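Have a look at the structure below, then the notes.
In this text the structure is predicted, and so the values were computed from the model without any measurement. What's counted below: heavy atoms across the whole structure, side chains too, no hydrogens, waters or symmetry copies. Chain letters run A, B, ... following the sequence lines, proteins first and then strands; every chain starts at 1.
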2 protein chains.
Amino acid sequence: MSSHQPTRSRRTTERKGDVRERAILDTCEALLAEKGYEAMTVGDIAQGAGITRGALYFYFGSKQEVVTALVARTVEHLWERSRAAARTDEPREAIAAAMRRTVELWTEHGLVMRTAIDLSLTVPEIGELWSRTADAFTTAITAVLERAGVQPGTEPDQASPMARALCWMIERSFYHASQQSREDLRKASSTCEHIWKVSAGLTA
Amino acid sequence: MSSHQPTRSRRTTERKGDVRERAILDTCEALLAEKGYEAMTVGDIAQGAGITRGALYFYFGSKQEVVTALVARTVEHLWERSRAAARTDEPREAIAAAMRRTVELWTEHGLVMRTAIDLSLTVPEIGELWSRTADAFTTAITAVLERAGVQPGTEPDQASPMARALCWMIERSFYHASQQSREDLRKASSTCEHIWKVSAGLTA
DNA sequence: ATAAAAATCTACGTAGTGTAGAGTTTGAGT
DNA sequence: ACTCAAACTCTACACTACGTAGATTTTTAT
């Protein structure tokens, strides 16, 4: 190997470690699905990634760090997807679009998102990541509510606090539904959408 | 000691173990507040209760069993309180009353309730207990919605699923608020109450 | 070709869990 | 008052999983 890469080789061929790192995170995600966080041991992850425990500690300082990295990777994904969010003006359509996107996110990344929520309390780093994500969603919801005519402000019946509550409702509903079937996810989505609309005053 | 207790002594003086058991649960609750579930070791609990680790394992088979018992004890409390629930017919007042009660519950037992939620996934027994509790709340909310004129049924915009979503909203909102201040709890309560009313069609 | 950096390994120290089995206290029946 | 079983408590141990140390091999850059 080693094509010496004429000029554009500021970044040489991908480090071997980068591949391993990805392998570790992938294995971690798989094991998380298979046996859950507690039952999953550092040895398991290493074995799955084709290295020994000792080698794994070269990449990550602890089991928690591995999972944190996995969450970070996924959340990164969410943010990118969110940035490409529809810029619909019609509130009714904006809400429907948002819920469609949320269903997608949870079908694709439900496992990691559930893990993030579960570990938010015990792993501060993850708590921080998830808290940021929730804030982003809350902000988005607030905007829609205001555009639909809800009073802006921080009083209990004004946009901000309402958005926060709706965000928690969505989080929890999807958290549970995504453990069941894809069908449950769809139903939960419809219900949340309905409550969101009603809360926005779009009662018709 | 040992007054021989003429006739009514079918149940002799409280077993020493009963006292210990209570001491263990009390200590567990205190430690949970102080250092959290993960950091709290079985040795800590035993020490706090004035016995050795070995002795503790006479009462409970594991750390998880201790916490499960604690949750059970608390949930028991909730149920009793719930049975004594106001039987108001006027929906608006029923909602207000329910939220008042919920605030009480979370101010008094927030810590254990949060723990129950956190461990629901990893400790099946606790998951079961909490799931029952949530069901009870959902049923109550459903009743109020229906009395307020919401269509009964299981379609996404009918009473049952809506009640479930509202239940999750309340759970999550209080979960977070109870980690902050009593004031936040009050605010969260107002917001949830408002959304609940609007969802019930009590928009005036 | 060589030396630094990157990656990997084996071996060890530690903490916390749960179990075994022996010892002590309590109390109900005689 | 005596006794025996149940209730209770202890010390000691085995096991698992984590994280660290330090030696060793592989890659990569010059």
Legend entry - Distance-only side-chain donor-acceptor flag, A:Asp118 / A:Thr115, under 3.5 Å: no
Legend entry - Considering all heavy atoms, the nearest B:Thr142-B:Ala159 contact: CG2-CB, 3.9 Å
Inset, instruction - Considering non-hydrogen atoms only, spot the tightest contact between A:Asp157 and A:Met162 and give its length. - result: O-SD, 3.6 Å
Inset, instruction - Kindly say if A:Thr52 contacts the phosphate of C:dC9, meaning a side-chain N or O under 4.0 Å from OP1 or OP2. - result: yes
Inset, instruction - In whole angstrom, give the distance that lies between atom CD of A:Glu65 and atom C1' of D:dC18. - result: 14 Å
Legend entry - B:Phe60 CZ to D:dT9 P, straight-line distance once rounded to whole Å: 12 Å
Inset, instruction - Provide, to the nearest angstrom, the distance between the OH atom belonging to A:Tyr59 and the C1' atom belonging to D:dG19. - result: 18 Å
Legend entry - Member of B:Thr139, B:Thr154, B:Asp135 meeting the side-chain hydrogen bond (donor to acceptor under 3.5 Å, both in side chains) criterion with B:Arg164: B:Asp135
Inset, instruction - Would you jot down, in residue-number order, the residues of residues 119-129 of chain B having a non-hydrogen atom under 4.0 Å from DNA chain D? - result: none
Legend entry - Spacing of B:Asp18 atom CG relative to D:dC8 atom P, expressed in whole Å: 7 Å
Anything under 3.5 Å between a protein N or O and an N or O of nucleotides 16-20 of chain C, put it in a table, one pair a line.
from   : atom 1 : to      : atom 2 : distance (Å)
C:dT17 : OP1    : B:Val42 : N      : 3.1
C:dT17 : OP2    : B:Thr41 : OG1    : 3.1
C:dT17 : OP2    : B:Val42 : N      : 3.4
C:dG18 : OP2    : B:Tyr57 : OH     : 2.9
C:dG18 : OP2    : B:Lys63 : N      : 3.4
C:dG18 : N7     : B:Arg53 : NH1    : 3.4
C:dG18 : N7     : B:Arg53 : NH2    : 3.0
C:dG18 : O6     : B:Arg53 : NH2    : 2.5

Legend entry - Nucleotide D:dT24, atom C1' - distance to CZ of A:Phe58 in whole Å: 14 Å
Legend entry - B:Asp44 CG - C:dA15 C1' separation (whole Å): 12 Å
Legend entry - Which atom of B:Thr138 lies closest to which atom of B:Ser160, heavy atoms considered: CG2-O, 4.4 Å
Legend entry - Side chain to side chain, B:Val144 and B:Trp196, heavy atoms closer than 4.5 Å: yes
Legend entry - Interatomic distance, B:Arg20 CZ vs C:dT25 C1' [rounded to whole Å]: 12 Å
Inset, instruction - Locate the shortest heavy-atom distance separating B:Lys63 from B:Glu38; write the atom from each residue and the value. - result: NZ-O, 3.4 Å
Inset, instruction - Take atom CG of A:Leu56 and atom P of D:dT20, then tell me their distance rounded to the nearest Å. - result: 12 Å
Inset, instruction - Would you name the heavy atoms of B:Pro161 and B:Gly153 that are closest together and state the gap between them? - result: CD-O, 3.5 Å
Inset, instruction - Please report the C-alpha distance between A:Arg53 and A:Asp44 in whole Å, then the side-chain angles of each, then the deciding distance to 0.1 Å, and finally whether the salt bridge (Lys or Arg N to Asp or Glu O under 4.0 Å) criterion is met. - result: CA-CA 9 Å; A:Arg53 265 171 20 85; A:Asp44 292 337; over 6 Å; no
